[in-house]
Structure formats: C-alpha cells, structure tokens
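Below: one structure, written as structure tokens.
Below, chains carry the letters A, B, ... as their sequence lines are ordered, and counting in each starts from 1.
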Amino acid sequence: MADDLERRFERTVQSEARIEPRDWMPDGYRKTLIRQIAQHAHSEIIGMQPEGNWISRAPSLRRKAILLAKVQDEAGHGLYLYSATETLGADREDLTLKLIEGRQKYSSIFNYPTLTFADVGVIGWLVDGAAICNQVPLCRTSYGPYARAMIRICKEESFHQRQGYELLMTMMRGTQQQRDMVQDSVNRWWWPSLMMFGPPDAESTNTEQSMAWRIKRDTNDELRQKFVNMSMPQAEALGVTFPDPELRWNDERGEYDFGQPDWDEFWQVVKGGGVCNEQRIAHRRKAHEDGAWVREAAVAHAAKHARKEGAA
Amino acid sequence: MSTSWPLWEVFVRGKRGLNHVHVGSLHAPDAEMALRNARDVYTRRNEGVSIWVVPATEITASSPDEKDPFFAPAGDKVYRHPTFYVIPEDVPHL
Ligand SMILES: [Fe+2]
Ligand SMILES: [Fe+2]
C-alpha cells in the first residue's frame, strides 16, 4: 500500500502535475517544503525593514507612496507563503516563534544596512531582480499551493523592480553627487545580490533531492549566471559598473564570465555575524510582542459578539 | 486560552460573470475582520469584485485517496458531454 502511494506520488511529480494538500507525500518532501516556504515567508517579512527604514524620509510624496505600496506588497508575499505552509500542517504561531527565536533562517541579504536613499532603488533593481530570477521557475514547482503563491508574487515583483530602476534613472540624471551615491550603492549591493542564489552547486547540500522532487527547478549557479546576464545590459543603460574585475562577455560561451562572491562573508552573515542580524530579529520580536494586546482584544471582542448573537 | 486567530479560506470573484475562486487563507478573529484582511491581502490590485470567507474547519472535502470511486458516477456517463453526439457538419448553430 505504502509503495503504491509512493509510486503515485512519483508519477504525479514526473508528469509535471501538481501535488495538492490532501495528497499523500513522503515525510521528507513535506519537511523540505515547510522549511523552504517558511524561510521564504520570513524573508519577505524581514525584507520590509531595510526599505521601511526610508519611508518617513522619502524625498517626495510620490516616492513615499510607491515605497509604502512596495513594502505592503512584501507583507502580502509573506502572508501568501505562510498560508501555503499551513496547507502542509505547519502552525503560523509556531513559525513566527521559530523566526524570532532564531531557529529558522531568512535571506541574508536583509542583514545589510540601507545607508542612503539610492539603496531603495538598488534593492528594487538588484535584490528584487535576483528574487525574480529565483522565483519565476518556482511558479512551476511541484507543490500546488507554493506554485500558486509564487505566481501571485511574481506578478507583483515586476512593479518592485521597475520602480527601483526608474528611481535610479532619475538619480543618474541629477547631480554628480547623486550619481556617485548610486554607484556607491551598487558597489555595496552587487556581491550580496549574487549571494542570494545560495552557495555554489558543489557545496549546496539540498539541491539534488529538491530537483528530483521538482521543488527546485534550476541550480544555484544556473540562476546566478542568468541574473548576471540579465543585469549587465541594464547597468550599461543606467551608466553604472559592477565591482567585479573579472566581469566580461565570453563570446565562446555566449554568457558573461564573473568572479565569485566572498563565501566566507556569506557564511558569516548566515550564522548571525552580519551588520543587522540582531537588529532585524529584535525589531520583529518587538512588533510581535507589542501586538499581543491587539490579538487578545480582538479575540475577546469576537467571543463577546458570538455570545450576544447566541443569546439573541 | 490561545490567542491565535482561527484560519479562514478566502474565495474571490474576479469579475462579474465568474465564479468565486479559492485564492488562499488567512487568520482573523471573526468573519468581518477576515473580510477586511482578505481585501488587503488578496485584492490590492482590483483582483476581485466580491469576496467570500469561510472558516477552514467548516469545509468538507473529498479525499484524493477515494478519488476513483468518488468520481466514478461521472466517469461512465460520457453522454453528459456534447461531443457524445454526432451531428452532421452542415447543421448550423449546434
Ligand atoms: Fe517579495
Ligand atoms: Fe519585492
């Protein structure tokens, strides 16, 4: 019987059909998905902070409205994804605790600080750009609710990337000081953006099984290469350079060659040693704890109304 | 008592003339807040003209394991589909 279920699961995955919540699935598949989707959800939620830092100081009402909408979208992305984990039997409260107790990770990119307003533009262009590269293939991931969440998210991400790029174009048309600010920001965010695709394939422990289960559709290195190929012409059009002396077109491969990020730095930030790790978690924890009375009051209010309706 | 809010399933009618379609879920203390939250989470870009929220515990679903017998009554009734009937090609509007 168990073999039967396993065969049916394998066949469904192989045929590019989706696995749905009430289907039988191997324990490892369920665990891997909960871990990956939760980590993804946490990244969206923590990802609100670096940009949220600039909402009150946006240079115009237009930029403020755009930035607010973008940050609100990221909250929405987090919620779509938490909702997907719950179809696998995860508990929302439990996931929140795992995040604020440091037992589950989020993308390391958000442990870097946003020092100038140009960072808002560069995050939209490069960080959301890298996220799009990662996420577009996930629209075909084998677990239905995850794939559907990714489709919604990808639709919204293109606004994120375009508003960032447009912001940078505006700054590049400004003063020399503004242009320098953009270049400085690109210099700081380029390498962390490349790290968003995860460690090189040779060191990536989860890739093989996840590819077989069709949770992951492309390897880290494939996606990183794609991102570099896409970003180069955009940088040229903008008039900025990436801080990589090895970056050049390779005619033979028909792709760009590029250098490797500092993987020691990557692991250091993953393990908690980034500039903002503590601040990000402390902020999330405070928001959760400060909101406790609201959650309690809402439950009390709902219970009171349910009683009244019952009595009437 | 736990203060975690119950789970609601959200269905959105994309536009007039279409059915409500399941889009995901969310937590809310009551139906009214569930509707408001659903508007903010699932229809930030005019994705819907009407929203239903249903407590997740109130949904009864068929199980995929019983799929074959459960859907069998429909499986052998091909005559329910219009393509079952052969109509000469020169008969219009059929
Ligand atoms: Fe996002
Ligand atoms: Fe985004």
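- Residues A/E156 and B/R45 are in side-chain contact: their nearest non-hydrogen atoms beyond the backbone lie under 4.5 Å apart.
- When each of A/A298, A/A84, A/A149, A/G76 is checked for heavy-atom pairs under 4.5 Å with chain B, A/A298 comes out on top.
- The number of heavy-atom neighbours closer than 6.0 Å to NE2 of A/H283, taken from other residues, nucleotides and ligands shown, is 12 or below.
- Within the 3.5 Å criterion, the main-chain N or O of B/S62 finds a donor-acceptor partner in the side chain of A/R22.
- In terms of heavy atoms, B/S4 sits closest to A/E93 at CB-OE1, 4.1 Å.
- Taking both residues in full, the closest heavy atoms of B/W5 and A/V294 are given as CZ2-O, 4.4 Å, listed atom of the first, atom of the second, then distance.
- Heavy atoms only, all atoms of each residue included: A/A302 and B/P29 are closest at CB-O, 3.4 Å.
- Contacts between residues 8-16 of chain B and chain A, counted as heavy-atom pairs separated by less than 4.5 Å, involve no residue at all.
- Taking the charged nitrogens against the carboxylate oxygens, A/K304 and B/D30 have no contact shorter than 4.0 Å, which rules out a salt bridge.
- Proximity to chain B (any heavy atom under 4.5 Å) is shown, for A/D73, by both the backbone and the side chain.
- For B/N19, the CG atom is loosely surrounded, since the number of other residues' heavy atoms within 6.0 Å does not exceed 12.
- Within a 6.0 Å radius of CD in B/E89, other residues, nucleotides and ligands contribute 12 heavy atoms or fewer.
- Within 6.0 Å of the CZ atom in A/R162, the count of heavy atoms belonging to other residues, nucleotides or ligands does not exceed 12.
- Side-chain contact of A/H305 with B/E32: a donor-acceptor pair under 3.5 Å is absent, judged by distance alone.
- Side chain of A/S83 to main chain of B/G24: no donor-acceptor pair is present (N/O by atom type, distance under 3.5 Å, no hydrogens or angles).
- Side-chain contact check for B/V23 versus A/Y80: every heavy-atom pair is 4.5 Å or farther apart.
- Against chain A, the residues from residues 47-60 of chain B that qualify, each with a non-hydrogen atom under 4.5 angstrom away, are B/E47 in number order.
- The distance from atom CZ of A/R92 to atom NE2 of B/H27, rounded to the nearest 0.5 Å, is 4.0 Å.
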